[in-house]
Structures are given as structure tokens and as C-alpha cells.
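The next block holds one structure in the form of C-alpha cells; read it before the comments.
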Amino acid sequence: MPELPEVETMTRELRQELPGRTVLTATLRPKALYRRGSASVHRLVGRTICAVERVGKNTVIRFRPSGLMLVNLGMTGRLVTAPNGSHPAGARASHLHGRFKLDGDLRLLYYDARRFGHFYVAETCDFQKDLNVGPDPFIAKPGYFKRVLEGRTAPIKSLLLDQRLVSGIGNIYADELLFDAGVDPRTPAGELGDSASRLLRSARTVLKLAIDHGGSTIRDYRRHDGSMGEFQQHHAVYGREGEPCKVCGTSIVRVALGGRGTHFCPECQR
DNA sequence: AGCTTCGCCTGCTTGC
DNA sequence: TGCAAGCAGGCGAAGC
């Protein structure tokens with residue numbers, strides 16, 4: 001499940017290759033991969049990539065003289081370059097849904113087994129307003145969490161997954177940062193008090209560490225070269241149900257919260 | 001408005 | 001061993 005660290009890793013890798021390339025042909029199917037209100041990728045033919053950046057869990061490719069394409073990988077999406085005629089390691093042809101032929105003998109390919117990803121093509125875009133993408137933990141100012149969580153009654157874990165409030169955090173890193181902060185995921189967000197600012201610090205710590213390890217590979221995620229991320233080896237709680245807490249030895253518990261598998265240490269997180 | 005549930009989709013895991 | 005059912009989960013839509 002690509003979250004901020006995985007998308008950041010992928011975006012950095014694409015940034016090495018894409019800027020300066022002009023789009024020669026573009027196809028994306030099926031239609032369901034387009035986000036509502038998106039223009040067709042055909043519009044990008046003839047335009048030249050000028051920047052590749054990350055916004056929350058999305059990769060944004062910018063073009064000159066104008067235009068942008070936002071890619072959200074959903075759960076199993078993979079955006080990767082390959083020379084003409086070759087396919088990236090471990091990619092199945094039946095999962096190939098998007099092809100962008102670029103100049104200089106390069107293709108940008110989109111694979112997605114479950115097709116939960118989506119694309120948004122437009123001339124301009126206000127991410128916060130048009131796409132409901134709030135600030136990520138590296139952009140948010142100290143005090144931001146405390147301010148937006150005030151009065152909220154939903155469990156803090158559920159709100160951490162809400163991209164409108166804070167972007168970039170998914171199921172894995174929500175569990176991991178709550179452990180780092182020592183906060184019970186079921187805590188009503190408005191009752192956090194001063195630990196709200198601790199959450200922001202933990203988010204930055206955990207996400208930064210994950211980026212340094214190339215992200216987490218649970219099932220599908222792969223680095224650009226087909227290798228796996230390493231951070232899953234450092235998970236304290238995610239996927240460790242029944243295993244001893246690395247701090248106190250208590251068995252890690254798994255509960256369902258808002259329909260999501262949620263892992264935590266009942267001793268360290270209160 | 002805020003909170004919760006549902007549906008999309010397919011590969012992997014589990015159970016018989 | 002083989003097959004069917006169950007499960008996972010980002011995110012938008014719908015329901016309360």
C-alpha cells in the first residue's frame with residue numbers, strides 16, 4: 001500500500017528520468033481510472049515534462065507550457081519507466097493500464113493489479129480545494145494537529161487516514177506513528193490534548209525513517225528497479241499481531257477500527 | 001458537518 | 001491437491 005514514504009521514493013526515482021521528455025503518445029484504460037472531472041491523457045501529447053513532485057500520497061507530473069497529471073497509486077499501482085520494448089521486473093502485462101511513449105526511447109508505464117488507483121489531468125489544480133488533499137506532516141506547522149483535532153470525537157486513527165485533514169498517512173504508518181507517540185488508536189481525537197503535538201513529531205520521525213529505508217513492501221510495492229523497500233523489517237506493530245512488543249514484550253493486539261485492521265501495544269499505547 | 005459503512009477490484013490466504 | 005469463500009484496503013459516495 002503506497003503511502004507517503006513509498007510515493008516519495010517513487011517520485012524521486014521518476015524525477016531522475018522524466019524532466020525534459022516530451023509525450024509522443026498517451027493511453028489510459030479503463031475509464032474508471034480517471035478521477036471525476038479529469039481531462040483525457042491525450043491532452044498531454046506534445047507537451048514536455050518540467051517537474052515531478054509529491055503531494056500527499058500523489059505523484060504530480062507537471063508539463064510546459066502548462067498542464068499536470070496527478071497519479072494516485074491506490075493500493076497496488078506502480079508507475080515506472082522502461083525502454084521501448086522492455087518491461088520492468090515483476091510486472092504482469094495484464095496489469096498494464098497506462099502507457100506514455102516519451103521521446104528518447106523511453107516509456108512511462110502504469111501497472112495496477114486491483115485498479116484502485118486514479119489519474120487526474122488538468123491545466124491547473126488547487127490540491128486542497130479541488131482534490132481534498134490537506135498538508136502532509138512535513139508541511140504542517142506545529143500546533144496544526146491540535147487545532148484541527150479539537151472537538152472531534154472520531155478515533156484518532158480514523159482521522160489520521162483522512163487525507164483532507166493530513167495527507168500522506170495510510171494504514172501502516174498510522175499504526176506505526178501512534179505506537180511511536182504512545183497513543184491508543186481508539187482515543188477520541190479531541191481528547192488528545194498535548195499529545196496531539198507529539199503525534200505530529202512522531203509522524204515526521206516515522207515517515208522520515210521509512211523514506212530512508214525506501215518504504216515498506218508488504219505485498220505489491222516495489223522500488224523502481226524492482227527491489228523491495230526495507231522498512232517493513234522495522235515495523236513495531238503493523239502486521240505483528242500476537243508478537244511481543246519490542247519495548248515491553250506485551251502481545252501486539254489487532255482490532256478493526258473504521259473497517260481497517262489496526263495494530264497496537266495495549267501496554268505502551270494508552 | 002461529522003462519523004460510519006459500503007462498493008469498487010483482484011490476488012493471496014484459509015478452510016474443507 | 002483443488003476449489004470456493006474470506007480477507008485486505010485507498011478513497012469516493014452514500015447513509016445516518
Side-chain angles (χ1 to χ4, degrees), chain A residues 1-8 10-11 28-38 54-60 70-79 90-98 110-120 122 125 127-134 136 145 147-178 185-192 207 210 215-222 228-229 232 235 237-242 254-263:
Chain A
M1 308 116 242
E3 305 180 31
L4 189 152
E6 293 76 30
V7 177
E8 177 68 24
M10 184 188 83
T11 301
L28 178 67
R29 271 188 293 267
K31 273 221 159 71
L33 284 170
Y34 283 104
R35 190 167 176 145
R36 201 174 52 155
S38 172
R54 179 189 59 75
V55 177
K57 278 188 241 182
N58 309 282
T59 293
V60 176
L70 176 141
V71 184
N72 183 296
L73 301 176
M75 288 190 54
T76 54
R78 188 174 167 204
L79 195 59
R92 285 201 215 171
S94 62
H95 295 163
L96 177 60
H97 304 298
Y110 179 72
Y111 294 86
D112 192 345
R114 245 167 284 187
R115 307 210 298 265
F116 276 13
H118 58 246
F119 284 63
Y120 184 80
C125 178
F127 300 116
Q128 178 110 39
K129 205 156 136 280
D130 304 337
L131 299 175
N132 292 328
V133 181
D136 72 34
F145 271 19
R147 180 161 56 83
V148 298
L149 298 178
E150 194 169 9
R152 304 291 297 260
T153 59
I156 180 58
K157 161 82 183 274
S158 300
L159 294 190
L160 286 174
L161 297 178
D162 187 338
Q163 302 299 298
R164 294 168 297 183
L165 278 187
V166 56
S167 64
I169 299 169
N171 205 39
I172 296 173
Y173 296 107
D175 285 2
E176 292 298 315
L177 78 89
L178 284 164
R186 301 165 295 185
T187 310
E191 293 175 16
L192 281 173
L207 293 171
S216 303
T217 296
I218 300 299
R219 289 186 185 82
D220 303 274
Y221 172 74
R222 290 291 183 280
M228 300 193 297
Q232 66 279 5
H235 290 174
V237 286
Y238 186 86
R240 298 193 65 242
E241 179 186 13
R254 183 182 191 279
V255 298
L257 201 55
R260 300 283 173 273
T262 298
H263 314 72

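Keep in mind it's a predicted model, so treat the numbers as computed, not measured. Letters go in sequence order (proteins before strands), and every chain restarts at 1.
Partners of A:Asp136 by salt bridge (Lys or Arg N to Asp or Glu O under 4.0 Å), not counting sequence neighbours, listed by chain and number: A:Arg54. By the side chain to side chain donor-acceptor pair (under 3.5 Å) test, A:Ser158 pairs with no residue at all, sequence neighbours left out. With sequence neighbours excluded, no residue forms a side chain to side chain donor-acceptor pair (under 3.5 Å) with A:Arg29. Evaluation of the side chain to side chain donor-acceptor pair (under 3.5 Å) rule for A:Asp130 yields no partner, not counting sequence neighbours. Taking the side chain to side chain contact (heavy atoms under 4.5 Å, CB included) definition, one finds that A:Glu150 meets it with nothing, sequence neighbours left out. A:Phe119 pairs by the ring-ring contact (aromatic ring centres under 6.0 Å, His included) definition with A:Tyr110, not counting sequence neighbours. Shown here are the side chain to side chain contact (heavy atoms under 4.5 Å, CB included) partners of A:Val148, two or more places apart in sequence or in another chain: A:Tyr144, A:Leu165. Not counting sequence neighbours, the partners of A:Arg240 by the side chain to side chain donor-acceptor pair (under 3.5 Å) test are A:Glu243. The salt bridge (Lys or Arg N to Asp or Glu O under 4.0 Å) check on A:Lys157 picks up A:Asp175, with sequence neighbours excluded.
In this structure, A:Thr153 reaches the sugar-phosphate backbone alone: every heavy-atom distance under 4.0 Å involves primed, P, OP1 or OP2 atoms, never a base.
Residues from residues 160-173 of chain A placing a heavy atom under 4.0 Å of any atom in DNA chain C, listed by number, are A:Gln163, A:Asn171.
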What does the list of N/O pairs under 3.5 Å between the protein and nucleotides 13-16 of chain C look like, with a distance for each?
unit_1, atom_1, unit_2, atom_2, d
C:dA13, OP1, A:Arg36, NE, 3.3

**Fill in**
Under a 4.0 Å heavy-atom criterion, the protein footprint on nucleotides 5-10 of chain B, written with B, S and -, is ---BBB

